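Lettering of chains follows the sequences in order, A, B, ..., and the numbering in each one begins at 1. Since we're looking at a predicted model, the values are computed, not measured.
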Amino acid sequence: MSITVKEISTSMILRGNYIRDLLSGDARSDVTVHGWVKTRRDSKDVCFVQLNDGSCPADLQVVISPANFDADLLRRVTTGACIRVNGQLASSPAAGQALELQAMEVKVIGEADPATYPLQKKGHTMEFLRDIGHLRTRSNTFGSVFRVRTSLAQAIHSFFHEEGFLYVHTPIITASDCEGAGAMFGVSTLDMLNVPRVNEGAQRGQVDFGQDFFGKPAYLTVSGQLEAEIFALAFTNVYTFGPTFRAENSNTPRHLAEFWMIEPEMAFCDLQDDMFFAEKFLKAIIARVMDECASDLEFFNKRIDNSVLQTLENVVNSVFEHITYTEAIALLEKSGQTWEFPVSWGSDLQSEHERYLTEQVFKKPVIVVDYPREIKAFYMRANDDGKTVRAMDVLAPRIGEIIGGSQREERHDVLLNRITEQGLDPASYWWYLELRKYGSAPHAGFGLGFERLMLYLTGMKNIRDVIPFPRTPGTAEF
RNA sequence: UCCCCGCUAGCUCAAUGGCAGAGCGUUCGGCUGUUAACCGAAAUGUUGGUGGUUCGAGUCCACCGCGGGGAGCCA
């Protein structure tokens with residue numbers, strides 16, 4: 001079937017005309033490029049402009065002969081300006097680039113006052129660039145970050161699509177306050193200066209959420225998992241990929257108040273399958289990004305972290321280490337290290353413990369399984385030993401926990417006991433429990449923090465620098 | 001939220017309680033098919049905020065704000 005559309009604006013850039021395409025093609029005449037000036041070097045008889053349109057890390061070198069152009073026009077071709085150039089794409093006589101654009105026609109689309117334009121060609125700190133979030137996208141580093149980000153997102157969708165998974169959009173607003181994954185942002189249309197109160201009864205004096213938009217308290221989601229389980233028990237294999245919100249006052253290079261999470265949920269899947277699938281998933285998407293964004297990853301390896309490429313190759317080619325929580329505790333106990341937090345069976349692994357296992361002992365991702373039931377969520381399937389649950393955490397060097405998952409408790413009576421045992425109200429989980437009454441099935445899944453994976457892929461140090469617009473306590477600029 | 005460190009020119013950083021500095025960027029000039037070019041000159045400051053100690057505070061003290069590192073919570 002052929003598709004026809006009305007003619008597209010003659011200046012719109014489409015595939016084949018990005019700087020990326022031009023640089024990987026052949027010399028030819030009558031080429032038009034649009035982009036933003038990164039730097040400019042002047043001689044008496046020739047002027048070199050580095051032009052970037054975001055399509056690749058490399059700039060296109062535009063060569064301008066000042067004699068052929070109006071001096072006032074060239075004066076406005078400054079760092080940061082947006083220009084359009086038409087000319088001849090020719091092989092370059094100098095080292096540094098194979099092709100360059102000999103300018104025949106130059107138009108300044110948007111000027112940039114060089115006295116105030118904040119980006120220099122020298123390196124800037126990530127902190128400074130974060131303060132100019134509206135311009136940091138023009139920098140080399142953030143160009144590569146966001147190209148890798150789009151490639152990674154596509155790789156994830158492709159992977160699940162090829163594996164036959166259903167993509168489910170779980171709700172962003174939820175009225176279940178039962179997810180237990182941390183502090184939640186409230187969603188309300190009540191007038192905060194004049195909050196309605198309950199006038200009578202046991203709830204007297206409390207906020208009257210009956211008058212609120214949803215008729216009860218509502219929140220931004222902290223996880224789509226419980227809803228994904230609904231879909232897994234109808235579509236077999238499903239995944240979510242969407243924004244997630246945590247109102248925790250976390251101030252670390254690894255936490256955001258708004259982040260993106262991938263949560264596959266698979267029916268007829270036990271913890272072993274879950275674990276191997278997580279490994280297959282990670283390897284597949286990393287390999288794909290390595291293939292698609294080779295030049296961006298080279299940039300990270302050169303400028304940000306010189307171990308990134310080796311680490312990624314190692315992940316793709318190695319077999320992840322699998323150990324039980326009990327074995328992990330034993331390794332830590334006999335390590336001879338002194339720990340800030342003492343190691344004992346029953347307490348959760350601390351950052352220092354995870355780093356020791358991934359960075360010192362195994363030097364690659366480690367999957368730890370079968371955690372004590374007391375330190376894990378109610379929905380994780382109980383093991384027969386009565387002490388542990390079928391939970392797994394994928395720990396990565398430098399990043400720590402990158403994936404957390406489990407086989408879910410599919411037995412109605414056991415789940416009900418666990419809910420009560422943890423002091424939760426079974427009535428809040430009525431639909432979650434009913435899934436175990438009508439055609440229940442063993443199932444498992446995991447959650448992957450998208451930005452944490454970005455940290456791993458890029459070698460970037462702060463999670464605020466791998467998301468377009470970071471939201472953290474006290475900060476929601478841009 | 002807790003512990004530690006920091007905040008000085010557009011950026012990165014100096015300055016023993018005693019005249020506010022450099023490099024880069026910017027502007028101007030020179031030179032060169034240049035590559036984070038090179039050479040010369042110039043302009044650029046409410047030292048994060050408020051209060052205090054002192055003859056005198058960028059420097060010492062208190063509180064606040066912001067940033068970084070570590071920790072907790074977690075993905």
Round to the nearest Å and state the distance from [X] atom [atom1] to [N] atom [atom2].
X      : N     : atom1 : atom2 : value
A:K461 : B:G70 : NZ    : P     : 11 Å
A:R41  : B:U34 : CZ    : P     : 10 Å
A:H353 : B:A71 : NE2   : C1'   : 12 Å
A:W339 : B:G72 : CH2   : P     : 13 Å
A:Y117 : B:C11 : OH    : P     : 15 Å
A:D45  : B:C31 : CG    : P     : 10 Å
A:E451 : B:C74 : CD    : P     : 19 Å
A:L135 : B:G25 : CG    : C1'   : 16 Å

Can the ring centres of [X] and [Y] be said to be less than 6.0 Å apart?
X      : Y      : answer
A:F160 : A:Y167 : no
A:F241 : A:F450 : yes
A:H322 : A:F276 : yes
A:Y429 : A:F378 : yes

Respond yes when some side-chain nitrogen or oxygen of [X] is under 4.0 Å from OP1 or OP2 of [N], and no when none is.
X      : N     : answer
A:N249 : B:C73 : no
A:Q350 : B:G72 : yes
A:R464 : B:G68 : yes
A:S92  : B:U34 : no
A:T125 : B:U12 : yes

Inter-nucleotide [atom1] distance ([N], [M]), Å rounded:
N     : M     : atom1 : value
B:C11 : B:C63 : P     : 28 Å
B:G45 : B:A15 : C1'   : 14 Å
B:U53 : B:A62 : P     : 15 Å
B:G70 : B:G52 : C1'   : 32 Å
B:A22 : B:A43 : C1'   : 16 Å
B:U46 : B:A20 : P     : 14 Å
B:C38 : B:C24 : C1'   : 15 Å
B:A41 : B:C31 : C1'   : 15 Å

Given [options], identify the nucleotide with an atom nearest to the side chain of [X].
X      : options             : value
A:E127 : B:G69, B:G67, B:C73 : B:G67
A:F48  : B:U27, B:G67, B:G33 : B:G33
A:F128 : B:U35, B:C11, B:U1  : B:C11
A:A115 : B:C73, B:U1, B:U26  : B:U26
A:H124 : B:C11, B:U1, B:A71  : B:C11
A:P253 : B:C74, B:G70, B:G67 : B:G70
A:S43  : B:G72, B:C73, B:U32 : B:U32
A:T252 : B:G67, B:U35, B:C73 : B:C73
A:Q120 : B:C31, B:C24, B:U35 : B:C24
A:V63  : B:U26, B:G33, B:G72 : B:G33

For [N], which nucleotide is its Watson-Crick or G-U wobble mate, given both distances must be under 3.5 Å?
N     : answer
B:U1  : B:A71
B:C60 : B:G52
B:U47 : none
B:A42 : B:U26
B:C66 : B:G6
B:G33 : none
B:A20 : none

| When you match A:T79 and A:V46 each to their closest nucleotide on RNA chain B, which lands nearer the 5' end? | A:T79

| said: Ignoring hydrogens, what is the shortest heavy-atom contact between A:V289 and A:A155? Give both atom names and the distance. | reply: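 Taking every non-hydrogen atom into account, CG2-CB, 4.5 Å.
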
| field | Parallel, tilted or perpendicular, as decided by the 30° and 60° cut-offs, for the rings of A:Y356 and A:W339 | value |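 Aromatic pair A:W339/A:Y356 classed perpendicular.
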
Residues [X] and [Y]: side-chain donor-acceptor under 3.5 angstrom:
X      : Y      : value
A:Q225 : A:Y379 : yes
A:N383 : A:T388 : yes
A:K38  : A:N140 : yes

| What string of B, S and - do you get for nucleotides 38-43 of chain B, 5' to 3', if B is base contact, S is sugar-phosphate-only contact and - is no contact with any protein heavy atom under 4.0 Å? | ------

| request: Evaluate the criterion side chain to side chain contact (heavy atoms under 4.5 Å, CB included) for residue pair A:I262 and A:L453; output intermediate values, then yes/no. | output: CA-CA 11 Å; A:I262 298 107; A:L453 187 57; 5.9 Å; no

| message | For the backbone of A:S344 and the side chain of A:E333, can you confirm whether one donor and one acceptor N or O come within less than 3.5 Å of each other? | response |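 It does not hold such a pair.
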
